[in-house]
Engineer: 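Below: one structure in structure tokens.
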Number of protein chains: 2
Amino acid sequence: MFQVPTKTQYAIRALVHLVRTKSASVASIAEAEHIPFKYLEAIFGQLKSAGLLIADRGRSGGYRLARAPELILMSEVVKATEGDITPVGCLDDAGFCIVSEACLPRRFWFGLKRTVDAYLESVTLAEIAEPGFLPAPDPSQKESAAAKD
Amino acid sequence: MFQVPTKTQYAIRALVHLVRTKSASVASIAEAEHIPFKYLEAIFGQLKSAGLLIADRGRSGGYRLARAPELILMSEVVKATEGDITPVGCLDDAGFCIVSEACLPRRFWFGLKRTVDAYLESVTLAEIAEPGFLPAPDPSQKESAAAKD
DNA sequence: GCATATTCAGATCAATCAAGTAGGAATTTA
DNA sequence: TAAATTCCTACTTGATTGATCTGAATATGC
Ligand code: FES
Ligand code: FES
């Protein structure tokens, strides 16, 4: 269920880039981060609409962060590129289930959503832009084990 | 990034159904759970290949769980319907990044994957098939503003 | 002023995937 | 043997993703 769209990956890489260079044009970021220029342009439009970026138009213009990276939650970034993340459709409107009104699977999905939201809200842009960041303190990192089977 | 496919939702609903009725045909489950018959047939093929279901062919046949529901993790169910969930593409092969080998966004995505995996592995099919299950003990259920401890 | 570098806005397009359909073969039982 | 089932393969359809194209609006430097 769960592949992060390149749009979001691009957005985060670009934002991380902007944390270091205080201001930069889309063209320069696109080249440095190997992101399609026109695509990144559209993405930055979204990030600006979401209030995460400020644009300086005209010659020698560019984009800069609207806030300090410590104040930008990753949940905001994800919400800016993708819409509001709703795990299951039957959670949509009034939260009713077709099958039964006391739907147990629904609770399961809700718990998953809460888990993901909590993680995304626990990390700021500043944290992933600077070295020394690692979310979970699990010593046994099975990075390669995840890709093996 | 994160909409659960109906295939997975169907699979879970059908499995929950199978926890109660020890054995049932695809047709009966499809009707009871309002799932397209042919679609559920295909899904059950996957669940059987994954070793979660056992099929009894022929007349008065049907499907039954291969194990007790207490021994079926939700992570197995999800992995059966969808493939192995890989959040970002650049995490694919050797785990290298195009941009830099010490990629910080990559850690962020990895943390997200670990978080989701941990949740999916913490819930069994038996738990979501019986009443009285609620993963997070948060009394104030708010959809948008989740737990910000 | 004018060329130039930028953001901005809109349409468009190809590829992929999700969701569902269709037809029929194989298998077991009544 | 007939009916009910699983099984298998292919197809269709619609939405989404990822990206491109065209060009306008805007500001700066010279
Ligand atoms: S609310 Fe989604 S299956 Fe019940
Ligand atoms: S590994 Fe994905 S952006 Fe670096």
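Residue numbers begin at 1 in each chain, while the letters A, B, ... track the order of the sequences.
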Engineer: Have a look at Tyr63(A) and say if it touches a base, only the backbone sugar-phosphate, or nothing, with a 4.0 Å heavy-atom cut-off.
Structural biologist: sugar-phosphate

Engineer: In whole Å, what is the span from the CD1 atom of Ile54(B) to the C1' atom of dT5(D)?
Structural biologist: 17 Å

Engineer: Applying side-chain hydrogen bond (donor to acceptor under 3.5 Å, both in side chains), can you list everything that pairs with Lys48(A), at least two apart in sequence or on another chain?
Structural biologist: none

Engineer: What is the distance, to the nearest angstrom, from the CZ atom on Phe2(B) to the P atom on dT16(D)?
Structural biologist: 18 Å

Engineer: Within this structure, what is the CG-to-P distance between Leu18(A) and dT7(C), rounded to whole angstrom?
Structural biologist: 10 Å

Engineer: Please list all pairs meeting ring-ring contact (aromatic ring centres under 6.0 Å, His included) that have one or both residues in residues 45-64 of chain B, counting only residues at least two apart or in different chains.
Structural biologist: Phe44(B)-Tyr63(B)

Engineer: For residues 38-47 of chain A, pull every pair meeting salt bridge (Lys or Arg N to Asp or Glu O under 4.0 Å), keeping only residues two or more places apart or in separate chains.
Structural biologist: Lys38(A)-Glu41(A)

Engineer: Quick check on dT6(D): is either OP1 or OP2 less than 4.0 Å from any side-chain nitrogen or oxygen of Lys48(B)?
Structural biologist: no

Engineer: Taking for each residue the nucleotide of DNA chain D bearing the nearest heavy atom, is the 5' side occupied by Gly61(A) or by Gly61(B)?
Structural biologist: Gly61(B)

Engineer: Quick one: list whatever passes side-chain hydrogen bond (donor to acceptor under 3.5 Å, both in side chains) with Ser23(A), sequence neighbours left out.
Structural biologist: none

Engineer: Summarise protein proximity over nucleotides 17-30 of chain C in one line of letters, 5' to 3': B for base, S for sugar-phosphate only, - for none, counting protein heavy atoms closer than 4.0 Å.
Structural biologist: --BBB-BB-BBBBS

Engineer: Side chain to side chain contact (heavy atoms under 4.5 Å, CB included) with Ile128(A): which of Leu15(A), Ile12(A), Val77(A), Val19(A)?
Structural biologist: Ile12(A)

Engineer: Can you check the Leu47(B) CG to dC7(D) C1' distance for me, whole Å?
Structural biologist: 14 Å

Engineer: Would you kindly give the CD-to-C1' distance between Gln9(A) and dG18(D), to the nearest whole Å?
Structural biologist: 12 Å

Engineer: In whole Å, what is the span from the CD1 atom of Ile29(B) to the P atom of dT5(D)?
Structural biologist: 11 Å

Engineer: Give the rounded distance in Å between these two atoms: CD1 of Ile43(B) and P of dC7(D).
Structural biologist: 15 Å

Engineer: Output side-chain donor-acceptor pairs under 3.5 Å for residues 49-60 of chain A, partner residues at least two apart or in another chain, one line each.
Structural biologist:
from	atom 1	to	atom 2	distance (Å)
Ser49(A)	OG	Gly45(A)	O	3.1
Asp56(A)	OD1	Arg64(A)	NH2	3.1
Asp56(A)	OD2	Arg64(A)	NE	2.8

